[in-house]
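Written below as structure tokens is the structure these notes are about.
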Amino acid sequence: MVVPSAMAQAIPLPRPAPKARDGAPVVAAPNAAKPTASTTPAPVTTAATTPPNPVIPDPRNRAPASIFTTFDDKQRAQAAKISSYLSSLLNLSGSFVQVGPDGSRSTGSFFIQKPGKVRFEYDPPSKIAIVADGSSVIVRDTKLATQDLYPLSQTPLRFLLSDKIDLMKDTNVVGVTADDMFVSVTIEEKQPLVGTSRLMLMLGAKDNQLKQWTITDPQGYDTTVAIYNLDTVRKIDPSQFKIDYAIDQYRNVQ
């Protein structure tokens, strides 16, 4: 898909950087901050069962990072509303449509259990599955019989997997925008050994439910994931997030 290598799949969580590039993968991790956002009841399910058409952000419209970035009261209220929604989610499962940096598309199912646990299963012909157990994440390729092990801390999506979060206090928000369809918040993170990555979360303007996210890796490549058929009631089997650290095919990627 993205590059002709074992990790050529453009995967949403985590999305390892192609082998030809330096730097750590964009993966999921729990949030280490101590947020203070209040919570609101989570929605039960969504009625959407038709695969959505992901909205691909225009790189030219990315808000430049600045230590002097300010937000008005409306933007702060929008960010607070998103924080409350994210904090209210305990379990989330559904389906996804992913668009990789080269425009390739893939589909599958995902399962999230906060804090820090996630599983992504890709539909055939993909042989890749991703599992995060709250401290580490593996990218399992059954075709190649390999499992790459990554530190869970190197991912902007840990903010999505945090138990509680206040975006304005616990993250570096560089943009808050809204239109008739979406309310979006963009988080930027700089890591000395990895580089700068961004996470854009997009929620429905009318139902305030998560619709999609876009991860921009340190090389500037975007991967967009649109989710649908969401369920916040279904109890997820904890074994879905189990990682067997004894498997000898693991390749540690630090």
Looking at every heavy atom in both [X] and [Y], which two are closest together, and how far apart are they?
X	Y	answer
K211	G204	CG-N, 3.5 Å
F96	V225	CB-CG1, 3.8 Å
T223	P101	OG1-CD, 3.7 Å
Q75	T70	OE1-O, 4.2 Å
Y85	L203	CD2-CD2, 3.5 Å
Y245	D133	OH-OD2, 2.6 Å

- prompt: Do K114 side-chain atoms and S162 backbone N/O form a donor-acceptor pair below 3.5 Å?
  reply: yes
Main-chain N/O of I165 paired with S87 side-chain donor or acceptor, under 3.5 Å: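 Answer holds: yes.
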statement: CG of L160 to CG of L92, rounded to nearest 0.5 Å, is 8.0 Å
message: Applying salt bridge (charged side-chain N to carboxylate O under 4.0 Å, His left out), can you list everything that pairs with D179, at least two apart in sequence or on another chain?
response: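 Applying salt bridge (charged side-chain N to carboxylate O under 4.0 Å, His left out) to D179 gives none.
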Stepwise side chain to side chain contact (heavy atoms under 4.5 Å, CB included) test for T177 and F182: CA-CA 8 Å; T177 61; F182 300 103; over 6 Å; no
Does [X] share a hydrophobic cluster with [Y], counting links as ILVMFWY side-chain heavy atoms below 4.5 Å and allowing steps through other members?
X	Y	value
M181	I227	no
L210	I82	yes
V139	V137	yes
F159	L161	yes
M202	L86	no

- request: Applying side chain to side chain donor-acceptor pair (under 3.5 Å), name anything that partners D180, two or more places apart in sequence or on another chain.
  value: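 Listed in chain order: nothing, the list is empty.
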field: Pairing residues for T107 by the side chain to side chain donor-acceptor pair (under 3.5 Å) criterion, not counting sequence neighbours
entry: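 Listed in chain order: D123.
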side-chain contact (heavy atoms from CB on, under 4.5 Å) with [X]: which residues, sequence neighbours excluded?
X	answer
A178	Q78, V183
P54	I56, V97, V99, R105, Q212, T224, A226
A129	none
N91	Q113, I236

message: Using side chain to side chain contact (heavy atoms under 4.5 Å, CB included), reason through T196 and E188 one step at a time and then give a plain yes or no.
response: CA-CA 7 Å; T196 301; E188 183 175 274; 3.5 Å; yes
- prompt: How would you list, by chain and number, every residue that makes a ring-ring contact (aromatic ring centres under 6.0 Å, His included) with F110, sequence neighbours excluded?
  reply: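 ring-ring contact (aromatic ring centres under 6.0 Å, His included) list for F110, sorted by chain: F120.
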query: What's the verdict on side chain to side chain contact (heavy atoms under 4.5 Å, CB included) for F111 and E121, showing C-alpha distance, side-chain angles and the deciding distance?
result: CA-CA 9 Å; F111 310 87; E121 296 180 349; 4.2 Å; yes
task: Could you give me the CA-CA distance, side-chain angles and deciding distance for N172 and V174, then say whether side chain to side chain contact (heavy atoms under 4.5 Å, CB included) is met?
output: CA-CA 6 Å; N172 179 32; V174 297; 3.9 Å; yes
- prompt: Heavy atoms, side chains only, cut-off 4.5 Å: are M168 and V176 in contact?
  reply: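 Contact flag for M168/V176 side chains = yes.
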Min side-chain heavy-atom separation L90-T232 under 4.5 Å: no
